[in-house]
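None of these values were measured; they are calculated from a predicted model.
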Amino acid sequence: MLRWTARLVSEYPSGVISRLRRMKIQRRLLLSFAALSLIPLCITGWFAYFQSSVAIKDKISTYSVEVMNQVSINFQHELSKLESDSIDIAFSDIVQETLLSYHRMDGWEKNSAEVEMKSLVAKRFSFVPSVTDVQIFTINKDKINAYGDFTFAYRLKPDYLDGLLEEALSRGGVTYWTIQVKEDEEDAREFNYRAGLYGQYGIVMVRSFRSLKEGKPLGYILIRVDERHIRKKYETLDLGAGTDIFILDDQGRVISSRNPDILPGGVFGDPAFVEKLHEYNESGIHHFQMSVSGKPQLVAFSRIPQAGWYLVSTIPMSYLNFESVRIGFYIAALAFLCFLLALHLSYLVSSSISRPLLWLVSSMNQVKAGNFSMQIEDPHQDELGVVSEHFNTMVNNLRNLIREVKEKETLKRQAELKALQAQINPHFLSNTLNTVRWLAQLQKADNISNVIQSLIQLLHVYTRNRGELVTLREEIENVKHYVNIMSYKYYDKFTVHYEIDEEVLDDQVLSLMLQPIVENALLHGI
């Protein structure tokens, strides 16, 4: 038991376990329960927060892309319809014939052809509020106002107009879409009037077309669309607080925007933003995260291939994180409540262990102080209840053992007293025999003295403790004294012959081992 205890103590390291053993069991259990509940709660809470945050961002990203795609499809349908209308107008008989012979017409013929064109175009766009102006140009850039406000006519600056027409000619009939701002028009006074009726910004579609008869470039058609009409298609979309939606061309120029700080006609932000749009569009991924205007944003976009535009939405990450933070707060609050509940349960469990142990330690101290009547009342059937029951049994056994020891000590003292009393008579008898032997010697009765001497020696042997070891030499002497007495009794009728090896005379034997043998030999032999 001592070796096992020493080994158990030596196996404890001097680190964590040693420090834990210096703490109370209840505190140790509370700390362990707190750690075992808090660590999984923190890990689970963080994982739930992380997953919910990722899920929110993914869902909003997917939703934003879907919304952008849907709005982009609407734009594509409208742009396709305008392109189709422009083709129908360009290849109509009146336009083809007028432009082929326009340089040979006089003023009346030109006016008559322009009236017919206006009638043709008006039938197409009278119920299309987005289209504000339609202009047709000859290959020499002579302008015909086919649709629009003829009092406050739509007049672009020559340099800007030449750039549009040259771009359209270089595309070989493919439509070219761009944005037109105030600086691109000639008369500022008319612009202010027109801006109130037809919008401050115009989205311009221009294309060149060929002669159906000769196959050579014949002219150009230009259609102006009110930017406000395009903006209405996405202006009311709600993708979250602080969200911006706008349209960019391939060079990063703003085509349309609902944010007054992002004006059409200007270049949007960092050129890297447009490069990101090109990069992710080629990879087939239509959302990414990027810092826009110094703030992290979730960018979702859709391509409008007819015009080479991007419909873009930017959602502040602070808005997305707000949802995640709110979910994280709920998770943290729930985890805290669970932690308090676990801590309360751990207190109950630790108390159910520590309190019986404290009672047991207190009871042991009482027993150590000598109170052997101490008993623990624990009706429970767990291990501590069993230990308490065994403690009570041990105390009862110890109390009974002490009582038995006391009784045995009393009996021992009584036996010692009786033994002392029993020793008084042999001593008294021995002293009396010595007196008789001394009187026999005075009267010269040597035989009587010799017998009494042998009797005294045997009396000393008999009064010693039985089982005491003596040498064989002493045992032979005892036998000789007995034989001496018996020889007087039987008047020397027998003789004893001793043959003993000298080497064994000093060996240990039991006292009075040989005397009964000699006695039996005399009794049964004579």
What closest approach, in Å, do [X] and [Y] show between heavy atoms, and which atom pair accounts for it?
{"X": "D85", "Y": "R124", "value": "OD1-NH1, 3.2 Å"}
{"X": "Q297", "Y": "I315", "value": "OE1-C, 3.1 Å"}
{"X": "E83", "Y": "R207", "value": "O-NH1, 3.2 Å"}
{"X": "S126", "Y": "Y147", "value": "CA-OH, 3.8 Å"}
{"X": "A168", "Y": "V206", "value": "CB-CG2, 3.9 Å"}

Do [X] and [Y] have side-chain N/O donor and acceptor atoms under 3.5 Å apart?
{"X": "E185", "Y": "Q180", "result": "yes"}
{"X": "Y234", "Y": "S313", "result": "no"}
{"X": "Q306", "Y": "T175", "result": "no"}

key: Ring-face cation of R224 near Y154 (centre distance under 6.0 Å, axis angle within 45°)   =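 Yes.
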
ask   = Can you pull the side chain to side chain donor-acceptor pair (under 3.5 Å) pairs that have at least one residue in residues 60-70, sequence neighbours excluded?
value =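 Only N69-S302 qualify under side chain to side chain donor-acceptor pair (under 3.5 Å).
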
key: Any pair counted as side chain to side chain donor-acceptor pair (under 3.5 Å), so long as it reaches residues 258-268, sequence neighbours left out   =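 Pairs touching residues 258-268 that pass the test: D244-N259.
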
ask   = Any chance NZ of K232 has more than 12 other-residue heavy atoms, nucleotides or ligands included, within less than 6.0 Å?
value =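 No.
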
ask   = For K295, does the NZ atom have more than 12 heavy-atom neighbours from other residues, nucleotides or ligands under 6.0 Å away?
value =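 No - once you tally the heavy atoms of other residues, nucleotides and ligands closer than 6.0 Å, there are 12 at most.
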
query = Taking Y201 as the fixed residue, which of V254, V181, D184 is the one that meets the side-chain contact (heavy atoms from CB on, under 4.5 Å) rule?
reply =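 Among V254, V181, D184, the one that satisfies the side-chain contact (heavy atoms from CB on, under 4.5 Å) with Y201 is V181.
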
key: Qualifying residue, where the test is side-chain contact (heavy atoms from CB on, under 4.5 Å) with L218 and the options are V95, I139, L100, T98   =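 Option passing the side-chain contact (heavy atoms from CB on, under 4.5 Å) with L218: L100.
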
ask   = Is any side-chain heavy atom of L169 closer than 4.5 Å to a side-chain heavy atom of Y220?
value =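 L169 vs Y220: side chains touch.
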
message = Are V299 and F273 packed together at the side-chain level, in the sense that at least one heavy-atom pair is separated by less than 4.5 angstrom?
response =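 Yes - at least one pair of side-chain heavy atoms lies under 4.5 Å apart.
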
Residues that T138 engages under side-chain contact (heavy atoms from CB on, under 4.5 Å), provided they are two or more places apart =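 With sequence neighbours excluded, T138 shows a side-chain contact (heavy atoms from CB on, under 4.5 Å) to L99, Y102, N140, D142, given in chain and number order.
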
Sidechain-backbone polar pair: [X] side chain, [Y] backbone, donor-acceptor under 3.5 Å:
{"X": "Y310", "Y": "F301", "value": "no"}
{"X": "S92", "Y": "I89", "value": "yes"}
{"X": "S208", "Y": "G173", "value": "yes"}
{"X": "R253", "Y": "G266", "value": "no"}

request  = Output all residues satisfying side-chain hydrogen bond (donor to acceptor under 3.5 Å, both in side chains) with T243, sequence neighbours left out; order by chain, then residue number.
outcome  =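 Per chain and number, T243 pairs via side-chain hydrogen bond (donor to acceptor under 3.5 Å, both in side chains) with no residue.
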
For H77, all residues meeting side-chain hydrogen bond (donor to acceptor under 3.5 Å, both in side chains), sequence neighbours excluded =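 Listed in chain order: nothing, the list is empty.
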
ask   = With a 4.0 Å cut-off, would you call R228 and D226 a salt bridge?
value =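 Salt bridge present between R228 and D226.
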
ask   = With the threshold set at 4.0 Å, does a side-chain nitrogen-carboxylate oxygen contact exist between E114 and K110?
value =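 No.
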
key: Partners meeting salt bridge (Lys or Arg N to Asp or Glu O under 4.0 Å) with R171 (sequence neighbours left out)   =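 With neighbours one apart ignored, the set is E167.
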
key: Worked verdict on D250 versus R303 for salt bridge (Lys or Arg N to Asp or Glu O under 4.0 Å)   = CA-CA 10 Å; D250 285 336; R303 181 74 169 171; 2.7 Å; yes

